[in-house]
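As structure tokens, the structure follows; a few thoughts come after it.
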Number of protein chains: 2
Amino acid sequence: MFAVDPQRPLTRPALAVELTDLIRGLILEGELRPGEKVPEKALTLRFGVSRTPVREALKVLAAEGYVRLVPNRGAVVAEPTLAELEEVFPVIAALEGAAGELAAERAGDAEIAEVRRLNDAMHAAYRSGDRPRYFELNQQIHAAILAAARNPTLRQQHKLVADRVRWARYQANLAAARWQAALDEHDAIIAALEAREGERLGRLMKSHLEHKLEALRGALGGEER
Amino acid sequence: MFAVDPQRPLTRPALAVELTDLIRGLILEGELRPGEKVPEKALTLRFGVSRTPVREALKVLAAEGYVRLVPNRGAVVAEPTLAELEEVFPVIAALEGAAGELAAERAGDAEIAEVRRLNDAMHAAYRSGDRPRYFELNQQIHAAILAAARNPTLRQQHKLVADRVRWARYQANLAAARWQAALDEHDAIIAALEAREGERLGRLMKSHLEHKLEALRGALGGEER
DNA sequence: TGACGCAATAATGAATTCATAATTCAATCG
DNA sequence: CGATTGAATTATGAATTCATTATTGCGTCA
């Protein structure tokens with residue numbers, strides 16, 4: 001007797017879908033760099049597929065903003081700019097603010113405890129000056145709050161936008177004062193989450209992102225003068 | 001002598017790009033209906049193109065959420081559900097709230113005057129019971145505020161999400177009390193915009209959308225029982 | 001030496017073909 | 001008559017080919 005196993009479909013994702021993820025990964029990891037032509041032929045050789053699914057994947061990535069399609073010249077990896085940050089951060093702030101509000105209503109107690117644990121670990125990383133570890137935990141806290149919001153559309157839209165400015169994540173070499181302030185903001189965020197105060201949580205998350213943009217302005221604005 | 005006209009490039013958009021827009025239009029207009037298979041062959045005949053750009057367009061539309069790709073069965077127009085509304089409306093509310101805040105800072109006086117004019121026209125439509133006209137003007141007010149925010153990314157993300165629930169726009173056959181309340185909310189929104197009070201404007205826009213979702217719950221919840 | 005023109009080569013966009021999966025239809029069996 | 005099976009037909013996903021555009025390299029000229 002065969003039982004239908006919904007967890008294991010007998011079909012595999014279309015090549016175009018897989019390639020979209022793979023190529024997006026190459027861009028996010030920096031292997032395909034901003035401003036560079038996407039080497040369509042090299043990708044076919046690398047992944048052992050025909051040009052068709054590669055081209056389909058590039059159309060999707062263009063719609064997501066990862067690449068620009070230039071007529072008769074192919075695809076170019078999109079170049080992030082400070083101007084883009086100025087546009088994207090308010091969007092991220094709005095989405096994370098909304099996520100915070102929803103998370104305050106919907107998070108399970110275990111999820112809140114996990115966010116507290118992550119925050120404590122982030123404090124430890126701060127004290128030992130371990131920036132990479134701090135950033136990693138920072139990401140996990142934001143991701144946990146987004147997950148606790150239980151709104152897949154919100155999460156998806158957030159990911160779509162946030163991934164495009166991932167490159168900026170490590171550009172703000174945090175000055176000591178800003179680093180301490182960011183930590184304090186996280187503390188206030190966690191406290192609001194634990195108290196399940198959605199409106200306050202949403203507001204705090206929004207302003208946290210706004211402060212981050214200001215720090216980035218300082219860091220990147222200085223570099224470009 | 002030939003002058004370079006940047007408004008008229010000598011290349012035309014790729015077929016795939018055009019077809020993406022055309023097919024999205026067919027979906028939004030209801031010609032391709034939710035749950036229906038996308039007739040790939042019929043589209044090639046209709047538009048006089050090969051299958052390749054049609055398939056590329058469908059990949060993009062799948063990434064945007066307009067269709068679902070079912071392996072070996074092709075694309076099916078996505079079916080909106082009440083559950084989707086519950087997810088999407090908080091996202092729209094967050095984005096419109098953010099747009100309101102930015103618009104309060106960035107709108108030109110002429111733009112604010114135009115929003116006031118649209119609001120006045122909407123009052124007239126209300127008094128004469130002209131619902132289609134009312135809805136049209138309603139849309140124009142929201143669009144004007146989004147434009148005044150001067151954030152293309154925000155606008156794009158909003159469009160991406162809002163278009164997917166366009167079908168719900170006319171489903172809430174407004175009860176008299178809710179209709180009056182909606183109008184009052186618009187008045188408060190315009191007043192905040194004119195006073196350039198960003199935070200209040202953002203909050204009002206958010207709650208306006210939240211009330212709209214509640215009305216839709218009533219309207220659609222009733223239908224599905 | 002730099003500019004120009006032309007041919008060859010490579011890249012791009014789209015059409016067509018091929019291989020596979022799904023669906024439909026007809027015949028057979030219980 | 002309903003269920004099953006197998007063949008024929010259709011649809012789908014991907015590979016290949018074709019037509020067009022862009023780029024490169026080379027020769028010629030001022």
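Keep in mind that this is a model prediction, so the values were computed, not measured.
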Can you tell me the distance, in whole Å, between the [atom1] atom of [X] and the [atom2] atom of [N]?
{"X": "B:Asn72", "N": "C:dA19", "atom1": "CG", "atom2": "C1'", "result": "12 Å"}
{"X": "B:Glu40", "N": "C:dA15", "atom1": "CD", "atom2": "P", "result": "13 Å"}
{"X": "A:Arg55", "N": "D:dG13", "atom1": "CZ", "atom2": "P", "result": "17 Å"}
{"X": "B:Leu69", "N": "D:dG13", "atom1": "CG", "atom2": "C1'", "result": "11 Å"}

Scan B:Val38 against the nucleic acid and name what it touches under 4.0 Å (heavy atoms): base, sugar-phosphate only, or nothing.
-> nothing
Remember a base hit wins even if backbone is also touched, and classify A:Lys59 as base, sugar-phosphate or nothing at under 4.0 Å, heavy atoms.
-> nothing
Counting N and O atoms only, with roles assigned by atom type, does the side chain of A:Arg106 sit under 3.5 Å from a partner on the main chain of A:Ala149, one being a donor and the other an acceptor?
-> yes
Listed by chain and number, what are the side chain to side chain contact (heavy atoms under 4.5 Å, CB included) partners of A:Glu105, not counting sequence neighbours?
-> A:Leu102
Pairs of donor and acceptor atoms involving the side chains of residues 47-54 of chain B, under 3.5 Å and at least two apart or interchain, shall be tabulated with distances.
from	atom 1	to	atom 2	distance (Å)
B:Ser50	OG	B:Thr52	N	3.4
B:Arg51	NE	B:Glu40	OE2	2.7
B:Arg51	NH2	B:Glu40	OE2	3.1

Using the test salt bridge (Lys or Arg N to Asp or Glu O under 4.0 Å), find all partners of [X] that sit at least two apart in sequence or belong to another chain.
{"X": "B:Arg33", "answer": "B:Glu36"}
{"X": "A:Lys159", "answer": "A:Asp163"}
{"X": "A:Arg46", "answer": "A:Glu31"}

Of all the choices, C:dA14, D:dA14, C:dT12, which nucleotide is nearest to the side chain of B:Leu15 once you look at every atom?
-> C:dA14
Closest listed nucleotide, where the reference is the side chain of B:Arg73 and the choices are C:dG13, C:dT23, D:dG13 | C:dT23
Can you list, by residue number, the residues of residues 41-53 of chain A that have a non-hydrogen atom closer than 4.0 angstrom to DNA chain D?
-> A:Val49, A:Ser50, A:Arg51, A:Thr52, A:Pro53
OP1, OP2 of D:dA11 versus side-chain N and O of B:Lys37: anything below 4.0 Å?
-> no
